[in-house]
There are 2 protein chains.
Amino acid sequence: MKDQLHISEQVCFPVYVFAKEIINQYRPLLTELELTYPQYLVMMVLWEYKEQTVNQLGEKLKLDSGTLTPLLKRMEQKDLVCRTRSTIDERLVHISLTLKGEALKEKASCIPAQLMESMNVSLEDLTNLKNIITKILKQ
Amino acid sequence: MKDQLHISEQVCFPVYVFAKEIINQYRPLLTELELTYPQYLVMMVLWEYKEQTVNQLGEKLKLDSGTLTPLLKRMEQKDLVCRTRSTIDERLVHISLTLKGEALKEKASCIPAQLMESMNVSLEDLTNLKNIITKILKQ
DNA sequence: ATCAATTAAATTGCGCACAATTTAATTGTG
DNA sequence: CACAATTAAATTGTGCGCAATTTAATTGAT
């Protein structure tokens with residue numbers, strides 16, 4: 001029987017490398033906006049939904065409070081988001097955009113196109129990739 | 001023009017989530033062997049190549065010495081690998097398996113199959129996925 | 001042979017990512 | 001109402017991942 005314990009036989013390893021490579025491609029673009037990739041993900045959710053609790057962000061981004069709490073505090077330090085504990089239910093912390101955070105959307109608008117260019121991938125491969133992965137993740 | 005700054009429109013986000021999900025699927029299997037996923041990758045390279053310098057490992061795994069040096073020290077602590085500075089070229093550190101590290105290959109042999117099962121993906125999707133990603137990474 | 005340039009690994013510092021636990025508030029049940 | 005169970009966020013601790021720098025050894029060009 002064939003030995004499966006080789007890097008070259010693995011499917012997971014290319015996925016792992018590819019995910020890191022994507023973040024590395026984003027890095028120079030996001031550094032200009034003083035954002036990391038996970039912070040950029042938070043911004044995208046907030047640009048779309050205006051306000052989210054820590055849990056809601058966590059569900060959308062698949063991150064827990066152990067990751068999000070310190071990350072959001074750093075974003076608060078940079079005056080990108082507000083963290084406000086709910087008065088109705090004091091367990092909840094609402095995350096919303098500051099004016100600076102709202103304004104950053106404009107600057108970020110060119111990032112998707114820039115990234116597409118830097119990755120140099122056909123639209124076809126990209127859609128196939130997305131379809132397969134979302135199919136796997138849905139189960 | 002359509003707003004591209006939405007999580008749902010992104011291709012990179014599913015890749016990022018998928019890569020994390022893979023590592024989370026590996027976690028319970030690898031925890032039994034007292035390995036993390038990156039440590040498992042190092043083991044796979046060493047099971048195949050017997051001995052590697054830090055740089056050679058880094059090239060194969062796309063990791064730098066800043067990541068590998070402390071990781072390899074932890075693996076040395078667990079008596080999985082030996083770190084030996086070369087006498088011929090003292091800049092090089094050779095990483096090789098201990099007997100315990102060599103023996104772990106046996107225990108790890110079932111992991112690829114177990115992971116395939118826990119991921120519940122068709123072989124077709126998996127090969128397509130791998131082909132697209134390796135194609136993109138090759139450029 | 002000398003010394004600048006290169007190379008390899010280690011170090012420093014920061015930001016995730018996640019398991020496990022803690023703290024505090026709310027809900028649900030008798 | 002009381003109080004156990006649940007929920008939300010924060011905290012603690014460990015291990016990557018990478019940029020930037022440092023340390024030390026080797027190479028190469030004159």
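Lettering of chains follows the sequences in order, A, B, ..., and the numbering in each one begins at 1.
In this model, a donor atom of one side chain and an acceptor atom of the other lie less than 3.5 Å apart for B:Q52 and B:K60.
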- [ ] Would you check, one step at a time, whether the test side-chain contact (heavy atoms from CB on, under 4.5 Å) holds for B:T84 with B:I95?
- [x] CA-CA 7 Å; B:T84 326; B:I95 311 297; over 6 Å; no
Open item on the list: With side chain to side chain donor-acceptor pair (under 3.5 Å) as the criterion, how do B:D64 and B:T67 come out once you've worked through the C-alpha distance, each side chain's angles and the decisive distance to 0.1 Å?
Closed with: CA-CA 6 Å; B:D64 68 4; B:T67 301; 3.3 Å; yes
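Ring geometry for A:Y40 against A:W47 counts as perpendicular: the plane angle is over 60°, on a 0 to 90° scale with 30° as the lower cut.
Using a cut-off of 4.0 Å between Lys/Arg side-chain N and Asp/Glu carboxylate O, B:E90 and B:R85 are scored as not salt-bridged.
Whole-Å rounding puts the A:Q56 CD to D:dA8 P distance at 10 Å. Taking atom CZ on B:R83 and atom P on C:dA8, their separation rounds to 17 Å, with Å as the unit. One interatomic measurement links the two molecules: CG of B:L68 to P of C:dA9, which rounds to 10 Å at whole-angstrom precision. Across the protein-nucleic acid pair, B:E32 atom CD and C:dA19 atom P stand 16 Å apart, rounded to whole Å. For the pair A:L72 CG and D:dA8 C1', the computed distance is 13 Å after rounding to whole Å. Atom OH in A:Y26 sits about 18 Å away from atom C1' in C:dG15, given to the nearest Å. Regarding B:Q25, its CD atom lies at a distance of 15 Å from the C1' atom of C:dC18, rounded to whole Å. When rounded to the nearest whole Å, the span between CD of B:E34 and P of C:dA19 equals 18 Å.
Heavy-atom contacts from other residues, nucleotides or ligands closer than 6.0 Å to CD of A:E32 number 12 or fewer. Heavy-atom neighbours of B:K62 NZ from other residues, nucleotides or ligands within 6.0 Å: at or below the threshold of 12. Around CD of B:Q114, the count of heavy atoms belonging to other residues, nucleotides or ligands within 6.0 Å exceeds 12.
Searching all strands for a Watson-Crick or G-U wobble partner of C:dG30 with both distances below 3.5 Å returns D:dC1.
One hydrophobic cluster, built from ILVMFWY side chains closer than 4.5 Å, holds both A:L123 and A:F18.
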TODO: Could you run through nucleotides 14-23 of chain D and give me one letter per nucleotide, 5' to 3': B if any protein heavy atom sits under 4.0 Å from the base, S if only the sugar-phosphate is that close, - if neither?
DONE: -SSBBB----
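Contacts of residues 84-92 of chain A with DNA chain C (heavy atom under 4.0 Å): A:I88, A:D89, A:E90, A:R91.
At least one side-chain nitrogen or oxygen of B:N55 sits closer than 4.0 Å to the OP1 or OP2 atom of C:dA9.
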